[in-house]
Amino acid sequence: MNRIKWELKRNSILWEKFITGDDKAYTELYNLNVNHLFRYGLHFTPSHETIKDCIQDVFTYVYSHRKRHHEIKNVRFYLLICFKNNLYKYFKKETEYFHIDTLEPVFSLDYAPDKQIIEEEEICEREKSTHLILSVLTPRQKEVMYYRFSLGLSYEEICEIMKMNYQSVRNLLHRSILKVREVYPDYNALQKYF
Amino acid sequence: MNKDNLIYTVTELLENEYFIDSVVYPTKESELFWKELISEGKIDFRDYEEAKGIILLFQDDYPEMSQTHKNQLWSQIEIKNKHLLKSNIRKLHRIILSSVASILIFGGLFLTQHLYKKAPSQNSELFLNDFFTSQIPDDEEITLILSDHDVINITEQKAEISHLENEQVTVNDQIIHKESLQTNNLNMNQLTVPRGYSSQLTLADGTLIWINSGTKIIYPQEFNEKERTIYVNGEVYLEVARDEKKPFIVKTDQMDIHVLGTSFNVSAYHEDNFRQLVLISGSVAVHTQNKKYNLLPNQAIHFENGECKIEEVDPLKYIAWKEGYMICENERFSQIATRLERFYGKKITVSDDIKNIKCNGKLDMNRELDKLLSDLLDVLNIEFEKKTNAYHIYKHNY
């Protein structure tokens, strides 16, 4: 069994135990998913504090509503949705407070602080070309590609998390792939160097 | 090669869930599977590489959360959960209490609580006085005295102590305490970090404290409902977990610091003739005997010889010690020697003619003291003499 499937199954088992009152399962759910939520959050904001606050809200929400929960097909996905909703709420509060116009967090692929340092100091060729390819995509195109190729979400799940209908998600993904392929270094061109 | 004869094109590969899986989490089996299709001519190698390359573009190489932060967040979650649970129970209590009208029980309760609180506080005043004025003997190890009088000696040079839940305590990732204690608000823990040692402490509310050499700190086993108070003699850097309902108070010999959720560095060694606080983020109020000061981020407050000075500073300089560095800006050599003495736990004397040399730069205190001093020789034109556990530094004469 591969890693994605194993985690999916493990999460389901833990979830079932958790909603019947098993606190150990709750702890393990946290340990199994916290890094995924954290990394996911880094795509929307560089603020570790904001991300941690939202993760805290996800897990306390889930805990206080444990009696009302029922079976969930994909637990990780459910937590991601909770997290994203919390993040949007958080941003909304912030924008009201600071009177900023940006209404929602914007998805990005290079918020991670470590990456920025590398860029400043020395950009190796590979990093450079990756950056170049990714720069042709809009935030939403990056987001959809990330869900599909990094998180391995299904089309139905992507519809839910991006609040779009099935056909639009398919189109968005299709267009994104075409765009990336346009700038993707030609294999033949690369061959000449060797 | 004619593309029409191929089963999989780049787009189709990218549609294939097994292919995505194989790229993200490759196994021997999956590698063999795709290799075979390529050798059978069902996939063009170039298409395979392109599809794989595109998927790899979107993989996370973002950092994971450190174990400390994971633990810290977890304890915050547990506290919040308990809090939610408690507030539900409290609601229930209120209903029961209001329906049973018994003034007697009420009065009795109030009286015992009152007595209970008062008795130890007189003792504790004496105790605190000693805490704020006495120095740590040099031959000690890091010591943690838990509220049930359990004494834990830590032999390592550096200790990481975490209070995970109410009762669980870990030292350098080992659980050392799990029996449940009879907790009430008066139970205090004391941590002593002698010269030459350092520690990091995570409190049950998620607050992180870095403790510099030669520092003592007292904190309750469990914070009470109104506030979170700790006592410090020495230097600490704090990242206080935010809780509007429970202000965090750091008490030192000459000032009290009130905060909600911030990070700041405070230096209050009893033997020093200055006290200093640097605010990194958030806001703090500093209470001295007769005055109150408010600080903004990147400001430092400095008390010396009865004078108070607030100035803008580079906070990195003041918290470099927690990473094992010392940053000096226009500092007298004697001051640097005092800090080295404290950090390494070795006696350092400096001859009068070099005490006032002004120094700038960065010192790596992860190195041994001998090496660090030898580096300084060339720069400062000095010599040092080493005795057992003591150093004398003097001007180099040609």
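Chain letters run A, B, ... following the sequence lines, proteins first and then strands; every chain starts at 1.
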> Taking the side chain from A:Gln56 and the backbone from B:Trp74, do they hold a donor-acceptor pair closer than 3.5 Å?
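The answer is no, because no donor-acceptor pair under 3.5 Å joins these two groups.
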> Begin from the C-alpha positions of B:Met65 and A:Lys52 and carry the test side chain to side chain contact (heavy atoms under 4.5 Å, CB included) through to its verdict.
CA-CA 10 Å; B:Met65 257 170 124; A:Lys52 283 196 237 164; 3.8 Å; yes
> For the interface with chain A, which of B:Val24, B:Thr11, B:Leu14 has the highest count of heavy-atom pairs at distances below 4.5 Å?
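Among B:Val24, B:Thr11, B:Leu14, the one with the most close pairs to chain A is B:Leu14.
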> NE2/A:His48 to CG/B:Leu73 distance, rounded to the nearest 0.5 angstrom?
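Spacing of NE2 (A:His48) from CG (B:Leu73) equals 12.5 Å.
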> Check this for me: A:Lys84, atom NZ, are more than 12 non-hydrogen atoms of other residues, nucleotides or ligands nearer than 6.0 Å?
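Count over threshold, so yes.
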> What option among A:Ile177, A:Thr27, A:Asp23 has the most heavy-atom pairs under 4.5 Å with chain B?
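Top count of heavy-atom pairs under 4.5 Å with chain B: A:Thr27.
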> By a 4.5 Å heavy-atom criterion (distance strictly below it), what part of A:Phe38 contacts chain B: side chain, backbone, both, or neither?
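The side chain, not the backbone.
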> Chain B heavy atoms under 4.5 Å from A:Tyr155: which part of the residue, side chain, backbone, both or neither?
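When you check distances to chain B, only side chain atoms of A:Tyr155 fall under 4.5 Å.
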> Looking at A:Tyr63, is its backbone amide N or carbonyl O close enough to the side chain of B:Asn81 to form a donor-acceptor pair, meaning the two atoms are under 3.5 Å apart?
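No; zero donor-acceptor contacts below 3.5 Å.
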> Is it true that atom NZ of B:Lys322 has more than 12 heavy atoms of other residues, nucleotides or ligands lying nearer than 6.0 Å?
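Buried by this count: over 12 neighbours within 6.0 Å.
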> Tell me, please, which residues at least two apart from A:Phe18 pass ring pair (Phe, Tyr, Trp, His ring centres under 6.0 Å).
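A:Phe18: ring pair (Phe, Tyr, Trp, His ring centres under 6.0 Å) contacts with A:Trp15, A:Tyr26.
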> Can you tell me if A:Glu156 has over 12 outside heavy atoms packed within less than 6.0 Å of its CD?
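Yes, CD of A:Glu156 has more than 12 neighbouring heavy atoms, counting only those of other groups under 6.0 Å.
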> Whether the side chain of A:Tyr30 engages the backbone of B:Lys70 through a donor-acceptor N/O pair (distance < 3.5 Å, no angle test) should be reported.
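Yes, because the side chain of A:Tyr30 sits within donor-acceptor range (under 3.5 Å) of the backbone of B:Lys70.
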> Locate the shortest heavy-atom distance separating A:Leu134 from B:Leu57; write the atom from each residue and the value.
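That would be CD1-O, 4.3 Å.
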> For a quick test of reading the model, state the closest non-hydrogen atom pair linking A:Ser150 to B:Phe58 and the distance between them.
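Scanning both residues, the minimum pair turns out to be CB-O, 3.2 Å.
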> Looking at A:Asp53 and B:Arg242, does any basic side-chain N land under 4.0 Å from a carboxylate oxygen?
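Salt bridge between A:Asp53 and B:Arg242, a charged N being under 4.0 Å from a carboxylate O: no.
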> For A:Leu137, is it the side chain, the backbone, both, or neither that has a heavy atom closer than 4.5 Å to a heavy atom of chain B?
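For A:Leu137, side-chain heavy atoms alone lie under 4.5 Å from chain B.
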> Measuring from B:Gln76:CD to A:Thr60:OG1, what's the distance to the nearest 0.5 Å?
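Output value for this atom pair is 10.5 Å.
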> Let me know if A:Ser64 has heavy atoms under 4.5 Å from chain B in its side chain, its backbone, both or neither.
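The side chain, not the backbone.
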> What part of A:Arg170 lies closer than 4.5 angstrom to a heavy atom of chain B: side chain, backbone, both or neither?
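The answer is the side chain of A:Arg170.
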> I'd like to know which of B:Ser22, B:Gly53, B:Pro26 tops the heavy-atom pair count under 4.5 Å against chain A.
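Most heavy-atom pairs within the cutoff with chain A belong to B:Gly53.
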> Strictly below 4.0 Å, N to O, side chains only: are A:Arg148 and B:Glu15 in salt-bridge contact?
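The answer is no: the pair does not qualify as a salt bridge.
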> Name the region of B:Ile77, side chain, backbone, both or neither, that has any atom closer than 4.5 Å to a heavy atom of chain A.
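Both backbone and side chain.
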